[in-house]
Amino acid sequence: MSDVQPRVRFAPSPTGYLHVGGLRTALYNYLFAKRYNGKFILRIEDTDRNRYVEGAVEKLIESLKWCGLDYEEGPGKDGGYGPYIQSERLSIYKEHVDKLIENKHAYYCFCTPERLEALREEQQKLKLPQAKYDKHCLELSEETIKNNLESGMPYVVRLNVPPGLRIYIKDIVRGDVEFDSEVVDDQVLLKSDGYPTYHLANVVDDYLMGITHVIRGEEWLSSTPKHVLLYDYFGWRRPQFAHLPLLLNPDKSKLSKRQGDVAVEDYRDKGYLKEALVNFVALLGWTAGDDKEFYYLEELTEKFSLERVNKAGAVFNVEKLNWLNAEHLRKKPKDEIIDMLKKEIASSEYASITFTGELLNQIVDAMLERVSFVKEFLTKAEYLFKDFDSYDEETVKKRWKEDSSLLLKKLADKIEAIDNPLKEDYEHALHQVAEENNVGNGKVIHPLRLAVSGVGGGPGVFDICKIIGKKNVLNRITKAIEILK
RNA sequence: GGCGCGUUCGUCUAGUGGCUUAGGACGUCGCCCUCUCAAGGCGAAGAUCACGGGUUCGAAUCCCGUACGCGCUACCA
């Protein structure tokens, strides 16, 4: 890295939510900034009034924050380069467009949408290699332009792309990329509503905000020649570019809502840990080169480099995300897990029941290695929270035998006699029953598990007994005997 | 159609000319552990490195071509 402090930006357009692809872009920008002691800036690209969504900016910022990606400059955090919302910078763009027009690098265009449409159709009919604006308005006399302007005729301003020019772009992840200016259109820079297009606003702001590295999605690579031309025309030094590979659906198309969840908030609401999401998304297109896959944000910050970013798109594979979620969950401090469990309970059918911290502690101990999500404490071990009245058929068939009722009855009698039984007491009682009746422990254990949980799997059966308590154990044994025999 | 980018196990990836009988992870399957289910440990299956040419003593790695996929081709970003 050079001596200058890098300044990078995440520049989403506020469409309503933070896309996981956007999160990945934001994350790489963030990591790059942190890695090289730079600044991570948030800029809102809201130049399309038609797509304006109420409250989108707030949601975006909230999602970013939830992921732990705090920006150092941006809306509400002035760093001397504001405003950071493009709709508040209109005069700046106008000013720069004027400069371009002055130097003949841009020109007024009064063509109507109808003419443009007709032009496109004609070009298509002629099977021209590429549809482009025909520079019709470039030929307009100063006189005509002046008159048109004065009469209030609607206009746009277009970039004047010179023919026969070879445009070279250096990209940190893709290497050298070349374009022929013949294939770049005279892009509209300023729309008839006075708003700039992405291309103009992006370049002007990146320069004015001192952006050193433009790290963005691959979908922008094709329009980079336009941007580079603008830097050159303004006489500005180009930033370094890094075009990130796309995130894909399982069928390899660009990740879309059609095929699953794409919003960060969707994953949050489904119970994914931010640590897992960030960890997962970081690995979609980047590795440190070693075998490490479990990362916290801070560690990523120490190891990240753009040079190690992959070129090929990556399929968003939820199964691996699930695994990472379980890993992160298990590594969390227990009191934090208990807090999350409390919140989960508060919004569940058990909201009205009070669970002691000690009880929750035991539940977490018993279930932690059996769950991938906090909500699974509730769904994978319902029997720890409430009574039930159905028994897993397979397990009944396999574990409930002729003598089960009798053995459980005897066990219940023993348990009955114990005050405040501990885990060991249940175990001891069971061993006694097995011994006295000359059967293996399994003959008692499995029916007990079935009686007490209704299913064949789960934590140690004596842990279950301890958690649900003597009264429930006895009740459930009685009930099982009644129903199963 | 044009232009650009990409292509290593199902998926994420390691690999930058010999260390590779292509390594790891998720998932799948099996074994061990064990009262069960998990977790953990061990192991297996799974990639003719898209295909075809070249360069080289030697190529997943370099070059060329083809195919396929994706992106862009808007007064959307």
Side-chain angles (χ1 to χ4, degrees), chain A residues 11-15 45-48 50-51 109 111 113 116 120 124 127-132 154-158 169 171 173-175 177-180 182-185 187-199 201-202 216-225 243 245-246 248 250-254 280 283-294 310-324 326 330 366-372 380-381 395 398-399 427 430 440-450 453 455-462 464:
Chain A
S13 68
T15 52
E45 312 226 325
D46 60 343
T47 55
D48 184 0
N50 300 320
R51 291 216 294 185
C109 171
C111 290
L116 262 20
R120 224 163 314 190
Q124 230 157 47
K127 288 212 156 68
L128 250 43
Q130 67 272 325
K132 270 170 58 177
Y155 68 91
V156 300
V157 176
R158 287 180 182 274
I169 292 161
D171 189 280
V173 347
R174 275 152 224 285
V177 184
E178 294 179 32
F179 292 87
D180 199 319
E182 298 300 335
V183 306
V184 355
D185 201 3
Q187 185 63 233
V188 169
L189 299 176
L190 197 70
K191 301 184 254 187
S192 57
D193 62 4
Y195 279 69
T197 56
Y198 171 90
H199 309 283
N202 191 263
R216 69 205 337 179
E218 192 192 351
E219 67 266 32
W220 295 110
L221 187 55
S222 300
S223 40
T224 308
H243 286 94
L246 260 19
L248 312 172
D251 72 354
K252 305 257 181 192
S253 58
K254 191 172 161 183
F280 175 64
L283 260 22
L284 252 27
W286 175 87
T287 42
D290 51 27
D291 289 336
K292 188 174 163 65
E293 298 205 273
F294 184 90
N310 248 87
K311 296 182 199 344
V315 173
F316 192 94
N317 178 215
V318 185
E319 278 178 344
K320 190 150 189 174
L321 171 59
N322 291 345
W323 169 72
L324 272 173
R330 284 180 202 123
M367 289 301 295
L368 187 57
E369 62 201 22
R370 280 164 250 267
V371 302
S372 297
K380 283 201 167 173
T395 313
K398 192 172 166 199
R399 304 293 195 187
E427 192 165 2
L430 187 135
N441 292 330
K443 282 282 195 187
V444 195
I445 283 182
H446 295 300
L448 174 62
R449 169 180 296 284
L450 188 57
S453 74
V455 293
V461 72
F462 306 116
I464 297 178

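So you know, we letter chains A, B, ... as the sequences are listed, proteins then strands, and number each from 1. The figures that follow rest on heavy atoms only: side chains count, while hydrogens, waters and symmetry mates do not.
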* Closest-nucleotide 5' rank along RNA chain B - winner of A/Gln187 and A/Thr287 -> A/Thr287
* To do: Tell me what A/Asp48 touches on the nucleic acid: a base, only sugar-phosphate, or nothing, going by heavy atoms under 4.0 Å.
  => sugar-phosphate
* Structure fact -> Rounded to whole Å, the NZ-C1' distance (A/Lys311 to B/G71) equals 16 Å
* To do: Using the P atom on both, measure B/A67 against B/C76 and round to a whole Å.
  => 35 Å
* Just name whichever nucleotide pairs with B/C19, Watson-Crick or G-U, keeping both distances under 3.5 Å, else none. => none
* Asked: Using a cut-off of 4.0 Å on non-hydrogen atoms, how would the nucleic acid contact of A/Lys254 be classed: base, sugar-phosphate, or nothing?
  -> sugar-phosphate
* Asked: Given B/C75, B/A25, B/A77, which nucleotide is nearest the side-chain atoms of A/Arg158?
  -> B/C75
* Which base sits across from B/G1 as a Watson-Crick or G-U pair, both distances under 3.5 Å? -> B/U73
* Asked: Can you name the nearest heavy-atom pair linking A/Gly217 to A/His243, along with the distance?
  -> O-CD2, 3.4 Å
* Aromatic rings A/Phe316 and A/Phe280: how do their planes relate, parallel, tilted or perpendicular, breaks at 30° and 60°? -> perpendicular
* **Residue closer to the 5' end of RNA chain B, A/Lys127 versus A/Asp185 (nearest nucleotide)** => A/Lys127
* **Minimum-distance nucleotide to A/Lys320 side chain [options: B/C3, B/A25, B/U36]** => B/A25
* A/Lys132 atom NZ, neighbour heavy-atom count above 12 within 6.0 Å -> yes
* Whole-Å P distance, B/A38 and B/U28 -> 10 Å
* **C1' gap between B/A60 and B/A47, integer Å** => 11 Å
* Asked: With sugar-phosphate meaning primed atoms plus P, OP1 and OP2, does A/Thr15 contact a base, only sugar-phosphate, or nothing at under 4.0 Å between heavy atoms?
  -> nothing
* Asked: Between A/Arg174 and A/Pro245, is any pair of side-chain heavy atoms under 4.5 Å apart?
  -> yes
* To do: Please work out if A/Gln124 contacts a base, only the sugar-phosphate, or nothing of the nucleic acid, heavy-atom cut-off 4.0 Å.
  => nothing
* To do: Answer with yes or no whether A/Lys380 presents, from its side chain, a donor or acceptor under 3.5 Å of a partner atom in the base of B/A38.
  => no
* Which part of the nucleic acid, if any, lies within contact of A/Pro154, taking any heavy atom under 4.0 Å across all strands shown: a base, the sugar-phosphate backbone alone, or nothing? -> nothing
* Between atom CH2 in A/Trp323 and atom P in B/A25, what is the gap in whole Å? -> 9 Å
* Counting any heavy atom closer than 4.0 Å, what does A/Gly442 reach on the DNA or RNA strands: base, sugar-phosphate only, or nothing? -> nothing
* Is there a side-chain contact between A/Tyr195 and A/Asp48 (heavy atoms, below 4.5 Å)? -> no
* **Touch class at under 4.0 angstrom, heavy-atom based, for A/Phe280 against every strand present** => nothing
* Looking only at side-chain atoms of A/Ala312, point me to the closest of B/C75, B/U7, B/C70. => B/U7
* **Non-hydrogen side-chain atoms of A/Asn202 and A/Trp220 separated by less than 4.5 Å** => no
* To do: Classify the nucleic acid contact of A/Ser222 as base, sugar-phosphate or nothing, counting any heavy atom under 4.0 Å across all strands shown.
  => base
* In whole Å, what is the span from the CE atom of A/Met367 to the C1' atom of B/A39? -> 12 Å
* To do: Please state the C1' separation for the pair B/G10 and B/C5 - nearest whole angstrom.
  => 24 Å
* Asked: Between B/C35, B/G4, B/C12, which one does the side chain of A/Lys252 approach most closely?
  -> B/C12
* Asked: Using purine N1 to pyrimidine N3 plus N6-O4 or O6-N4 for Watson-Crick, or N1-O2 and O6-N3 for G-U wobble, both under 3.5 Å, which nucleotide pairs with B/U56?
  -> none
* Asked: Across the strands shown, which category fits A/Gly285 at heavy-atom distances under 4.0 angstrom: base, sugar-phosphate, nothing?
  -> sugar-phosphate
* Specify the separation, in whole Å, of atom CD of A/Glu219 and atom P of B/G69. => 20 Å
* Quick one: A/Trp286 CH2 to B/C12 P, roughly how many Å, whole number? -> 17 Å
* Asked: Side chain of A/His199: nearest nucleotide among B/C12, B/A77, B/G6?
  -> B/A77
* What is the distance from CG of A/Leu324 to P of B/U11, rounded to the nearest Å? -> 18 Å
* Pick base, sugar-phosphate or nothing for A/Val188, based on heavy-atom distances below 4.0 Å to the nucleic acid. => sugar-phosphate
* To do: Would you mind telling me which of B/C70, B/U7, B/C35 lies closest to the side-chain atoms of A/Arg449?
  => B/C35
* **Base paired to B/G27 (Watson-Crick or G-U; both N/O distances under 3.5 angstrom)** => none
* Would you indicate whether the side-chain heavy atoms of A/Leu116 and A/Arg120 approach each other to under 4.5 Å? => yes
* For residues A/Asp185 and A/Ala131, report the shortest heavy-atom separation together with the two atoms involved. => OD2-O, 4.5 Å
* Under the 3.5 angstrom rule, does the side chain of A/Lys252 hit a backbone N or O of A/Gly313 as a donor-acceptor pair? -> no
* To do: Indicate, with a heavy-atom threshold strictly under 4.0 Å, whether A/Arg174 touches base, sugar-phosphate, or nothing.
  => sugar-phosphate
* Residue A/Pro113, side-chain atoms from C-beta onward, closest of B/C37, B/C75, B/G6 -> B/C75
Could you list the protein-to-nucleotides 41-49 of chain B atom pairs, N/O on both sides, closer than 3.5 Å?
none

* Integer angstrom distance from the C1' of B/U66 to that of B/U7 -> 13 Å
* To do: Check whether any side-chain N or O of A/Thr224 sits under 4.0 Å from OP1 or OP2 of B/G4, and answer yes or no.
  => no
* Under 4.0 Å between any heavy atoms, over every strand shown, what does A/Asn310 touch: base, sugar-phosphate, or nothing? Just pick one. => sugar-phosphate
* Asked: When you compare B/G24 with B/G41, how far apart are their P atoms, in angstrom units rounded to a whole number?
  -> 14 Å
* Structure fact -> Among the nucleotides B/C75, B/C37, B/C35, whichever has the atom closest to the side chain of A/His446 is B/C35
* Where the side chain of A/Asn317 is concerned, which of B/G2, B/G10, B/A77 is the nearest nucleotide? -> B/G10
* To do: Answer yes or no: is there a donor N or O on one side and an acceptor on the other, between the side chain of A/Arg51 and the main chain of A/Asp46, under 3.5 Å?
  => no
* Report which part of the nucleic acid A/Val315 touches: base, sugar-phosphate, or nothing (heavy-atom distance under 4.0 Å, all strands). => sugar-phosphate
* Between atom CD in A/Glu319 and atom P in B/C26, what is the gap in whole Å? -> 12 Å
* If the C1' atom of B/C12 is compared with that of B/U36, how far apart are they to the nearest Å? -> 33 Å
* To do: For B/U11 versus B/U48, give the span between their P atoms, rounded off to a whole number of Å.
  => 12 Å
* Between atom CZ in A/Arg51 and atom P in B/C75, what is the gap in whole Å? -> 14 Å
* Asked: Can you tell if the side chain of A/Glu293 reaches within under 4.5 Å of the side chain of A/Lys320, non-hydrogen atoms only?
  -> yes
* Report yes if some heavy atom in the side chain of A/Arg216 is under 4.5 Å from a heavy atom in the side chain of A/Thr224; otherwise report no. => yes
* **Complement of B/G6, any strand, by Watson-Crick or G-U distances under 3.5 angstrom** => B/C68
